[in-house]
Amino acid sequence: MAITQHRLIFKHIDAPGYTRDIACYRKHGGYEMLKKGLGMGGAAIREEVKKSQLRGRGGAGFPTGTKWGFIDPSKVTKPIYLICNADESEPGTFKDRQIIYKDPHQLIEGMILSCFANGVKLAYLYIRCEFTEGWRILETALAEAKAAGFLGKDILKSGYDLEIHVHRGAGAYICGEETGLIESLEGKRAYPRIKPPYFPAVLGLYMCPTIVNNVETLCNVRHIVEMGGDAYAKIGRPNNTGTRLLCVSGDVVRPGYYEFPCGAVTLGQLIYDVCGGIRNGRKLKAVIPGGSSAKVLRAGETYKMKAKDIHGNTVDREVRLEDLPMDFDSLAAAGSMAGSGGVIVMDDTRDMVECLANISAFYAHESCGQCTPCREGVLWLKKILARIAEGHGKEDDPALLRDVADRIAGRTICAFGEAAAWPVQSFIGKFKEEFQIRIRRNGTAAKTDTVSLTH
Amino acid sequence: MSVPLQAGMESCVGPEKGELTPAFESQADELISRYPVSKRSAVLPLLHLWQETFGYIGPRGVEWIAKKLSLQEIQVLELVTFYPWFRQKPVGRFHFRVCRTLPCALGGSGKTFAALKKLMNLSSDGHEGAMISEDGLFSLEYSECLASCGTAPVVLRNDEFYEKVDEKRAADLVAGCR
Ligand SMILES: Cc1cc2nc3c(=O)[nH]c(=O)nc-3n(C[C@H](O)[C@H](O)[C@H](O)COP(=O)(O)O)c2cc1C
Ligand code: SF4
Ligand code: FES
């Protein structure tokens, strides 16, 4: 069964003849919403965003209207800053890249509207430096927007001034964490700040109120201005409104990026119908549904969820993995998360020890090193997993891994601690026997064709 | 001898002792002007500019940037050592980064890496720091997720980006450098 996508953010992406220059964007209605928004006024835009129930697309799914509501532009005396988080570094995620490379003006229009709504006069677009071409594309697009009068002084004669500058990262995952990002933008090591007191809304960039939003979130603002918050909230499901960009990678026939109303497809439909099933005629073994930090789901699992019956009573329902709707609340109820929308699929030939060893090597490489439990613990996780994968595991290693992971989560400055612990807790919890078998088989030559790549 | 380069055209040639052209200075000043609140914010942009121009960031770069932004040298150096993109030594003229993270690993990036290593005639494993070929033409290292996991495995050659790089494409990429 073919399932049609609902392309809102990706409407023009990969469409034949669509180019990323401003002329093409304007031919397709580009910057008309900026005109509309400037006419509505900032407070009205904020109200629509609240009504839309939009939730942040960067990972945590925090309601954007609420985030913006922490700052009242009419009362704040300090400057207010907005930063677009285009660090896109959560493994498995490649949606923001499509927007930046193929439709940069959509992002810029959404960003200008968001800045206007919140009384921002200076904004930065923080992009990971590996997107070298993306950076040049954005520089060009910003210059085009400025030349057309959509940026700079007195935008479209509204009296509103705004500058947006691109700032390039330098290859560190932790710059995606919003307070690490702010430190990095201040010209320092990307050491995340402790919250409280350093909530960006209060003490953000240069110790001023700051809004940090993901690329996809900011694009949505443009569409909310277009259709109104109430109409937007009708897309998707209650509390999981709008569309969601899903990135599928790993062992499927057609990996790629797709867009659906939140919760409109199930995990099974996504894997089997949209992505053509598991490649090489194999079977599903495991799937990480929201970027590598999300807890793994095991094929054959069922989850207990609350649902309403025909009389409106809340009842417990068993939901199979294949029937999990791809939205924030369902994936949370299944013990994982929608996160950044990166779905990583593993087939039944994959060795879970190697997959986890690979993931933990990532976190060991990326810990910023501020907190002892994270800096030391994540390195332990990587080393223990590497030794199991190489055939030198010890009987107690699975328990030791669990123990170390449990002592990281909840004891660190930023959520990286959880991001590093969750994969370990879930892989060991759900595939314990594989770790034990691997350890019992110790000494037998390790495969050369490994995915652990821990070195 | 240093080959003059445009910013953004990452290349790894030349010693750090190239000439500081007026164009370089004015590019630096333009970058600094983007941070009216704090000049210190311009450290990363200037480090990028330096590395793109000279191939790496040595003591001269640290000193120059510190002076330019009225910072202590350590405030610049501590960024060079923190951010994986920056390097303190030159690498090969063609610097390859192979994505190592899970989706690319599932797509065979281990094989791609091994193939490149063989084609470039390199030794040692290379996750920490790059391996460089004897003639200085090639260098190779792993990188973490490059945000293109749907077209695994992916490779950066200097700042050009390549998708679905299997062993055969790897050979083509290397041949294209010779
Ligand atoms: C370790 C870590 C890495 C993160 N990486 C990213 C990232 O690459 N891109 C992103 O948009 N958000 C990332 N986030 C989430 C940001 O901290 C922040 O919540 C987000 O940018 C807010 O935007 P939103 O409200 O629009 O989702 C990361 C968070 C953590 C803890
Ligand atoms: S949890 Fe890890 S990444 Fe986050 S601040 Fe602590 S050491 Fe740094
Ligand atoms: S894992 Fe290689 S690009 Fe994401």
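Values reported hereafter were calculated over all heavy atoms of this structure, with side chains retained and with hydrogens, waters and symmetry mates removed. Order of the sequence lines sets the chain letters (A, B, ...), proteins ahead of strands, with each chain counted from 1.
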Donor-acceptor side-chain pairing of A:H167 and B:Y35 below 3.5 angstrom: yes

Interchain contact, [X] with chain B, by part (heavy-atom threshold 4.5 Å):
| X | answer |
| --- | --- |
| A:Y81 | side chain |
| A:K95 | neither |
| A:F131 | side chain |
| A:C175 | side chain |
| A:I174 | side chain |

Residue selection (most heavy-atom pairs with chain B, distance under 4.5 Å) from A:H165, A:R128, A:R189: A:R189

Largest heavy-atom contact set with chain B, pairs under 4.5 Å, which of A:G169, A:C247, A:G342, A:C129: A:C129

Main-chain N/O of B:R100 paired to A:N358 side chain as donor or acceptor, under 3.5 Å: yes

Among [options], which residue has the highest count of heavy-atom pairs closer than 4.5 Å to chain A?
| options | answer |
| --- | --- |
| B:V43, B:T101, B:L156, B:L31 | B:T101 |
| B:C145, B:P36, B:A147 | B:A147 |
| B:P103, B:G108, B:C149, B:A105 | B:C149 |

Electrostatic pair A:E139-B:R34, nearest N-O below 4.0 angstrom: yes

side-chain contact (heavy atoms from CB on, under 4.5 Å) assessment of A:R350 paired with B:L102: CA-CA 11 Å; A:R350 298 302 182 180; B:L102 186 60; over 6 Å; no

Contact check, side chains of A:I344 and B:L106, non-hydrogen atoms, under 4.5 Å: yes

Part of B:L146 within contact of chain A (heavy atom distance under 4.5 Å): both

Residues of residues 61-68 of chain B near chain A, each having a heavy atom less than 4.5 Å away: none

For chain A, which residues of residues 70-83 of chain B have heavy atoms nearer than 4.5 angstrom: B:E78, B:L79, B:T81, B:F82, B:Y83

Spacing of B:F161 atom CZ and A:R97 atom CZ [to the nearest 0.5 Å]: 4.0 Å

